[in-house]
Each structure stands twice: as structure tokens, then as C-alpha cells.
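Both counts, for ligands and for their atoms, begin at 1 and track the order of listing.
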Amino acid sequence: MVKPIIAPSLLAGDFSQLGCECHRMFECGSDWVHLDVMDGHFVPNITMGPPIITSLRNAVPKDKPVNKKFFDCHMMVSNPEQWVEEIAKSGGDQYTFHYESTKNPVELIKLIKSFNMKAACAIKPNTNVEVLFELAPYLDMALIMTVEPGFGGQKFMANMMPKVEELRKQFPNLNIQVDGGLGKGTVEIAAEAGANVIVAGTSVFKADDPSKMIEYLRNEVQV
Ligand code: DX5
Ligand code: ZN
């Protein structure tokens, strides 16, 4: 059975205080933090990479059991094979590559797992959900993008929900993540479709009380 997982995106945090922001999100009750790695090539923006993730891991050490203080790394990069080892060494727990960025997703999944990370695959809004069907048995999570990747603060695309529904129908135990524009008024739609892992940047960081927002998001996820 899947469970609700809330993953605030640090992209909406204060980049001059990233360690504190990361720590703050876990204090506010988040299950994971979502780290958006962009290379300025796969997407038209540059954010953070392995050195910053290493610093964050030093600022926010892993607790035992391992799944606490979980770093969910969303790799919006053109050559995802190149960064697997470095992200693992930086302290990443999950490596989400984009289907559109690799020629050999099955080999990439094996590589990610050989470095003891969880493996996840993301699809952009124009990519069909069918591509995930044969990969799903090897994946720890699938990510259905609900905005064009590259920037925070965009509008949630409700027309992506049939992808979530189809995937959920076929894979009742798979973690299905949605990313982009999630908050009050949209998390309900994503949860209804079957998503259980909610990425939220703007809605959590701009909330008066981020703890309450995280709790709200978690309560909306149906399991
Ligand atoms: C967009 C990123 C998202 C983004 C979400 O490319 O993958 O993780 O930070 O931000 P909001 O929740 O503000 O849409
Ligand atoms: Zn993301």
C-alpha cells in the first residue's frame, strides 16, 4: 500500500539559507525534501548540483532508519548517467531522471540502484504515460510533471490527471509523484486521481504556517 508523502521543493526557499530552509522543512513535518537539479540545457534554468547537496546533507544528517531526512533529487539534466555517482556520494536518497533525457532507461535504473539509491522516472507534459508502463516494475516512483519543468510558481495542469489515473489503475503499489503548482485547490485533484507523493514549492514556502500547509496536503492524499 502506498502512503502519503509530502516533499517541499527547496527551489521556493531562500537560497542564501538553504541549510536552514531544509532543516526547517523537516521540523515542519515534511517527509522528504525535493531538490531540483537543473543544468541549463535540459531545461532553461540553472539551480543546484552535487556540491550544494553535499552541504545540505552535512547540515541535515540522515537519521536512522535511513528513510528519514530523505533527499528526493529531481534531475532535470541532459546526461543523467553522468551524475548518478556524484549525487549518491552527496547524500541523495532517490534519483529521478527524465524519460526524455536518456536512450537507455533500464540501464540507468540499474546504475542508480547499484549506488544504493531509489530510482524514479519523470515524464514531461508532452510525453505519453505509456512509456512508464514497462519501466514501472523496476521503479520506486514515477513522476508525472504537472508543469513544464524549469521553474517554480507555475500553474497546475489538471489535464495531466488522466496519466495519473491510468498509472494508478495498473500499479496500485507504486509511488506516484506530482510536481508543479500543487497547493490548496489542486492537491485535491491530484489525490483524487491517485497521486500519493506531493511536491510543493510555492504553496509551502509562501504559507503563513508551513507546518499547517504540509499537514493539509497530507490529509488530502487518499490512501
Ligand atoms: C519545476 C520543479 C518543481 C518546482 C515546483 O521544474 O520541478 O519542483 O519547484 O514548484 P511549485 O510548487 O512552486 O510549482
Ligand atoms: Zn521538481
Judging by distance only, is a nitrogen or oxygen of His74 under 3.5 angstrom from one on ligand 1?
-> yes
Honestly curious: do Leu182 and Ile144 fall in one hydrophobic cluster under the side-chain, below-4.5 Å linking rule?
-> yes
Quick one: look up the protein heavy atom nearest atom 2 (C) of ligand 1 and list residue, atom name and how far away it is.
-> Asp36 OD1, 3.4 Å
Rounded distance (nearest 0.5 Å) linking atom CE of Met75 with atom CG of Leu108 | 10.0 Å
Around the Zn ion (ligand 2), what protein N, O or S atoms are found below 2.8 Å?
-> His34 NE2, Asp36 OD1, His74 ND1, Asp179 OD2
Indicate, as side chain, backbone, both or neither, the part of Thr202 found under 4.0 angstrom from ligand 1 when only non-hydrogen atoms are considered.
-> both
Ionic contact status for Arg24 with Asp14, cut-off 4.0 Å | no
Find all atoms of ligand 1 within a distance of less than 4.0 Å from any non-hydrogen atom belonging to Gly180, and give their numbers and elements.
-> 14 (O)
Are any of the N or O atoms of Gly201 closer than 3.5 Å to those of ligand 1?
-> yes
Which of these passes side chain to side chain contact (heavy atoms under 4.5 Å, CB included) with Ile112: Gln94, Glu85, Glu81, Met117?
-> Met117
Hey, which atoms in ligand 1 end up nearer than 4.0 Å to a heavy atom of Gly181?
-> 11 (P), 12 (O), 14 (O)
Just how far is it from atom CZ of Phe151 to atom OG1 of Thr202, taken to the nearest 0.5 Å?
-> 13.0 Å
Atoms in ligand 1 with a heavy atom of His34 nearer than 4.0 Å = 8 (O)
Just need the protein heavy atom nearest to atom 1 (C) of ligand 1, so name the residue and atom and give the distance.
-> Phe151 O, 3.5 Å
Does one hydrophobic cluster hold both Phe15 and Phe205, with members joined at side-chain heavy-atom distances below 4.5 Å?
-> yes
Lys110/Glu107 salt bridge by N-O under 4.0 Å criterion | yes
What part of Ala200, side chain, backbone, both or neither, has a heavy atom within less than 4.0 angstrom of ligand 1?
-> backbone
N or O pair under 3.5 Å between Gly152 and ligand 1 = no
So is there a nitrogen or oxygen of Met76 less than 3.5 Å from a nitrogen or oxygen in ligand 1?
-> no
Donor-acceptor contacts, no H, no angles, side chain residues 128-142, under 3.5 Å, sequence neighbours left out:
residue, atom, partner, partner atom, Å
Asp140, OD2, Ala119, N, 2.9

For Gly153, atoms of ligand 1 separated by under 4.0 Å from a heavy atom | 11 (P), 13 (O), 14 (O)
For Phe42, is the NZ or CZ atom of Lys124 found under 6.0 angstrom from the centre of its six-membered ring and inside 45 degrees of the ring axis?
-> yes
Other residues, nucleotides, ligands: >12 heavy atoms within 6.0 Å of Asn126 CG = no
Atoms in ligand 1 flagged as close to Pro149, the criterion being non-hydrogen separation under 4.0 Å | 6 (O)
Nearest protein heavy-atom contact for atom 5 (C) of ligand 1: which residue, which atom, what distance?
-> Asp179 OD1, 3.5 Å
Shortest protein contact, atom 9 (O) of ligand 1 (heavy atom only) = Ser9 OG, 2.9 Å
Taking atom types as modelled, is there a side-chain donor on Ser78 or His41 under 3.5 Å from an acceptor on the other?
-> yes
Full working for side chain to side chain contact (heavy atoms under 4.5 Å, CB included) between Ser9 and Asp179 | CA-CA 9 Å; Ser9 165; Asp179 181 10; 5.5 Å; no
Mark yes when over 12 heavy atoms from residues, nucleotides or ligands other than Tyr99 sit less than 6.0 Å from its OH; otherwise mark no.
-> no
Gly150: numbered ligand 1 atoms lying under 4.0 Å from its heavy atoms = 1 (C), 6 (O)
Go through His34 and Asp36 one step at a time and tell me if the side-chain hydrogen bond (donor to acceptor under 3.5 Å, both in side chains) criterion holds.
-> CA-CA 6 Å; His34 182 84; Asp36 286 304; 2.9 Å; yes
